[in-house]
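The structure under discussion appears below in the form of structure tokens.
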Amino acid sequence: MPEDRLELLIPEVAVQAKIGELAAQINQDYAGRELLVVGILRGAFIFLADLVRKLEMPVVVDFMAVSSYGQATSSSGVVRILKDVDESVAGSNLLLIEDIVDTGLTLKYLSEYLRAKQPADLRICTLLDKPDRRKVDFKPDYIGFSIPDHFVVGCGLDCGQRFRNLPGIYIYHPGNE
Ligand code: PRP
């Protein structure tokens with residue numbers, strides 16, 4: 001049986017340069033204000049860790065865990081909150097961190113859910129965006145890379161929980177492709 005294959009899409013050096021650019025923009029936009037940075041597990045953990053180390057304002061970090069049902073390589077759109085934010089959201093400058101926005105269903109749901117908690121400001125920052133896959137009208141405020149509709153892994157993104165640790169972004173080709 002043929003083996004799965006990984007094709008480099010965005011090298012580590014380009015990912016890190018982009019995270020530096022995003023951090024510079026966020027530092028400028030939120031200068032002097034405290035940020036509540038909330039990562040959506042599991043995929044956001046690496047991007048969040050890289051990004052927050054480049055932020056210069058006071059930062060509080062929290063996480064949410066969500067689960068969407070469906071096949072291994074696509075999102076079904078049903079979002080279940082497995083872990084909510086622990087920090088108080090009301091009045092905060094809330095920056096949601098994602099590894100990827102695909103159909104937009106997860107982030108649309110989460111941003112509506114969190115907006116009901118009345119943050120002073122709510123913005124979304126994603127490392128990757130796949131605008132061609134959108135099922136709902138949703139645009140992140142900060143986007144690292146807009147990419148075509150490939151199944152990608154690395155920098156927190158997985159296939160069957162593997163490959164999250166890869167420092168670059170790779171297109172995943174299954175062995176039977
Ligand atoms: C990914 C990603 C987003 C969601 C985006 O999570 O981290 O949360 O899918 O897809 P959507 O725009 O189509 O809703 P995934 O369900 O793969 O879980 P993970 O973060 O644990 O890898």
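In listed order, ligands and their atoms are each counted from 1.
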Hey, are Glu112 and Arg115 close enough for a salt bridge, meaning a charged N less than 4.0 Å from a carboxylate O? no

Assess Leu41 for proximity to ligand 1: is some non-hydrogen atom of it under 4.0 Å away? yes

Would Val66 count as a polar contact of ligand 1, with the cut-off being nitrogen or oxygen pairs under 3.5 Å? no

Within the side chain of Asn27, is there an N or O that forms a donor-acceptor pair under 3.5 Å with the backbone of Leu55? no

Please confirm whether Ile100 approaches ligand 1 to less than 4.0 Å, judged on its heavy atoms. yes

Salt bridge or not for Asp29 and Arg123, using N-O below 4.0 Å? yes

Can you confirm, on distance only, whether ligand 1 has an N/O atom lying under 3.5 Å from any N/O atom belonging to Gly43? yes

Look at the rings of Tyr172 and Phe151 and say which category their plane angle falls in: under 30° parallel, 30 to 60° tilted, over 60° perpendicular. perpendicular

Of the backbone atoms (N, CA, C, O) and the side-chain heavy atoms from C-beta on, which set of Lys135 has a member under 4.0 Å from an atom of ligand 1: side chain, backbone, both, or neither? neither

So, are Asp50 and Arg53 salt-bridged, with charged N and O less than 4.0 Å apart? yes

Which of the ligand 1 atoms, numbered from 1, are nearer than 4.0 Å to a heavy atom of Glu98: 2 (C), 3 (C), 7 (O), 8 (O)

Keeping the roles fixed (side chain from Lys83, backbone from Phe63), state whether a donor-acceptor pair exists under 3.5 Å. yes

Need the ligand 1 atom indices (1-based, order shown) with element for anything under 4.0 Å from a heavy-atom of Asp158. 22 (O)

Run the contact test for Arg164 against ligand 1 with a 4.0 Å cut-off on heavy atoms, strictly below, and give the result. yes

Is there a donor-acceptor pair under 3.5 Å between the side chain of Asp4 and the backbone N or O of Gly175? yes

Side chain, backbone, both or neither: which applies to Asp102 and ligand 1 if a contact is any heavy-atom pair less than 4.0 Å apart? both

